[in-house]
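Have a look at the structure below before the remarks.
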Amino acid sequence: MKELFDEASNAVTDANQDLVRSVVERALAAGIDAAELLEKGFIPGIAEVGEKFENEEIFLPRLFMSSEAMKLAAELCNKAIKSDEITSKGVVVLGTVQGDIHDIGKSIVASFLAASGFTVHDLGRDVSPEAFVDKAVEVNADVIGTSALLTTTMKAQKNLEDILKEESLKGKIKTMVGGVPVNQAWADSIGADGYAEDAAGAARKIKELVGK
Ligand code: B12
């Protein structure tokens with residue numbers, strides 16, 4: 001199993017999409033859980049790429065190629081993470097904030113939430129605070145979850161809190177924040193109802209917020 005996780009990680013660091021497909025196929029055939037494959041194989045791979053980018057060992061084109069491999073891995077694993085819940089535990093509107101195009105982590109959160117029994121409306125990336133609120137009102141959402149991967153786009157999570165307050169929706173619709181630069185202290189400082197470090201934590205916290 002360890003070898004497959006290492007291969008998954010290498011498939012992302014080497015930006016090898018054929019290897020991504022082959023690892024997913026072999027792992028699923030061997031009965032490995034798709035969520036575990038993501039968590040122990042592919043995500044450590046993209047984290048390593050991120051560190052190399054930060055240390056200027058690799059540059060944007062390479063980061064982009066690895067991120068395409070990671071995106072494929074997430075898509076293939078997400079398809080295999082199926083929900084066996086019949087009744088919805090709650091409605092979640094999810095997206096990446098305005099100005100931010102990082103959507104791999106957000107899509108993994110979406111699939112974990114769906115697998116945990118929530119109805120998820122995934123608005124994609126570069127989503128304005130107004131669009132989050134409009135959709136949440138339209139679908140009578142319990143929670144709005146926002147993902148921010150850039151320090152410069154985190155402030156959009158605060159804008160969302162402001163709009164919810166202005167429209168007297170704060171408290172009626174709960175908010176969850178996540179993404180690499182985000183932490184509990186940031187969530188507390190903007191008045192978000194919850195924060196989680198990863199997709200499994202997001203599902204646990206949203207269950208708690210919705211109280212079902
Ligand atoms: C892949 C990647 C890209 C890809 C994105 C492809 C895509 N479709 O998403 C590409 C190449 C396009 C890209 C572009 C850029 N990137 Co980039 N990118 C990354 C990288 C390497 C990995 C991100 C990722 O996918 N991680 C894997 C997923 C699974 O993890 P995750 O996103 O953190 O999600 C998990 C948790 O955070 C949490 N979570 C996520 N969302 C949510 C939401 C909720 C509600 C909850 C509860 C939890 C939660 O659960 C997820 C699953 O466990 C990071 C490095 C890093 N360490 O994160 C840099 C990084 C985020 N990028 C960075 C930068 C600078 C950029 C660019 C500005 C580069 C440039 N000069 O153009 C552009 C930004 C363009 C824009 N406007 O958005 C910096 C940001 C630095 C900063 N301080 O802001 C980072 C940190 C790299 C670095 N170390 O310098 N990037």
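FYI, side chains are in, hydrogens and waters are out, and symmetry mates aren't considered; it's all heavy atoms of this structure. Each ligand, and each atom within it, is numbered from 1 in the order the structure gives.
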If the cut-off is 4.0 Å to any non-hydrogen atom of Ala202, which atoms of ligand 1 fall inside it?
47 (C)
N/O separation below 3.5 Å, Ser147 to ligand 1
yes
Quick one: which of Leu149, Val180, Ile104, Ile108 has a heavy atom closest to atom 23 (C) of ligand 1?
Leu149
Element-labelled atoms of ligand 1 that are located less than 4.0 Å from some non-hydrogen atom of Ala196:
47 (C), 48 (C)
Closer than 4.0 Å and a protein heavy atom, does any atom meet both conditions relative to atom 27 (C) of ligand 1?
yes
Considering only the protein, which heavy-atom contact is closest to atom 1 (C) of ligand 1, and what is its distance?
Ser67 CB, 3.3 Å
Quick one: which ligand 1 atoms are inside 4.0 Å of a heavy atom on Ala199?
50 (O), 52 (C), 53 (O)
Could you tell me whether some N/O pair between Asp103 and ligand 1 is separated by less than 3.5 angstrom?
yes
Which residue owns the protein heavy atom closest to atom 84 (O) of ligand 1, what's the atom, and how far is it?
Thr151 N, 2.9 Å
If two hydrophobic side chains count as joined below 4.5 Å and joins carry through other members, does Met1 share a cluster with Leu76?
yes
Give the contacting part of Thr153 toward ligand 1: side chain, backbone, both or neither, where contact means a heavy-atom distance below 4.0 Å.
neither
Val109 versus ligand 1: do any nitrogen or oxygen atoms come within less than 3.5 Å of each other?
no
Shortest protein heavy-atom distance from atom 38 (C) of ligand 1, along with the residue and atom involved
Glu197 O, 3.4 Å
Taking only heavy atoms of Asp198, which atoms of ligand 1 are found under 4.0 Å from at least one of them?
38 (C), 50 (O), 53 (O)
Before signing off on this row, confirm whether Val49 and ligand 1 have an N or O atom pair separated by under 3.5 Å.
no
Is there side-chain contact between Ile173 and Val133, with at least one heavy-atom pair below 4.5 Å?
no
Strictly below 4.0 Å, N to O, side chains only: are Asp100 and Arg125 in salt-bridge contact?
no
Between Gly105, Gly179, Ala47, Ala69, flag the one that comes closest to atom 37 (O) of ligand 1 by a heavy atom.
Gly179
When you measure from atom 70 (C) of ligand 1 to every protein heavy atom, which one gives the shortest distance, and what is it?
Leu60 CD2, 3.9 Å
Using the rule side-chain contact (heavy atoms from CB on, under 4.5 Å), only one of Thr13, Val20, Val49, Ile43 pairs with Met70; which is it?
Ile43
Out of curiosity, Gln17 CD to Ser66 OG, how far, rounded to the nearest 0.5 Å?
10.0 Å
Would you mind checking if Lys71 and Glu75 are paired as a salt bridge, meaning a charged N to carboxylate O distance below 4.0 Å?
no
Can a protein heavy atom be found under 4.0 Å away from atom 54 (C) of ligand 1?
no
Could you go step by step and tell me if Glu25 and Arg21 meet the salt bridge (charged side-chain N to carboxylate O under 4.0 Å, His left out) rule?
CA-CA 6 Å; Glu25 258 173 40; Arg21 282 191 197 87; over 6 Å; no
At what distance is the nearest protein heavy atom to atom 60 (C) of ligand 1, and which residue and atom is it?
His102 NE2, 3.8 Å
Specify the protein heavy atom at minimum distance from atom 77 (N) of ligand 1: its residue, its atom name, and the distance to 0.1 Å.
Gly99 O, 3.0 Å
Note the single closest protein heavy atom to atom 87 (C) of ligand 1, along with its residue, its atom name and the distance in Å.
Phe53 CD2, 3.6 Å
Atoms of ligand 1 under 4.0 Å from any heavy atom of Ile46, numbered from 1 in the order shown, are 22 (C), 26 (N), 27 (C)
Is atom 43 (C) of ligand 1 touching the protein, meaning some protein heavy atom lies under 4.0 Å away?
yes
Got the closest protein heavy atom to atom 21 (C) of ligand 1, with its distance?
Leu63 CD1, 3.2 Å
Consider salt bridge (charged side-chain N to carboxylate O under 4.0 Å, His left out). Of Lys174, Lys170, Lys205, which one does Asp193 pass it with?
Lys170
Quiz question: by atom type and distance under 3.5 Å, do the side chains of Asp188 and Gln184 form a donor-acceptor pair?
yes
Could you tell me whether Tyr195 approaches ligand 1 through its side chain, its backbone, both or neither, with non-hydrogen atoms closer than 4.0 Å?
neither
Distance in Å, Glu161 CD paired with Thr175 OG1, rounded so as to fall on 0.5 Å steps:
3.5 Å
Within reach of ligand 1, part of Arg125 (heavy-atom separation under 4.0 Å)
side chain
Run the numbers for me: atoms of ligand 1, each under 4.0 Å from some heavy atom of Glu54, listed by number.
89 (N)
Run down the list Leu94, Asp100, Leu150 and name the one with the heavy atom closest to atom 65 (C) of ligand 1.
Leu150
Does a donor on one side chain and an acceptor on the other come within less than 3.5 Å for Thr153 and Gln98?
no
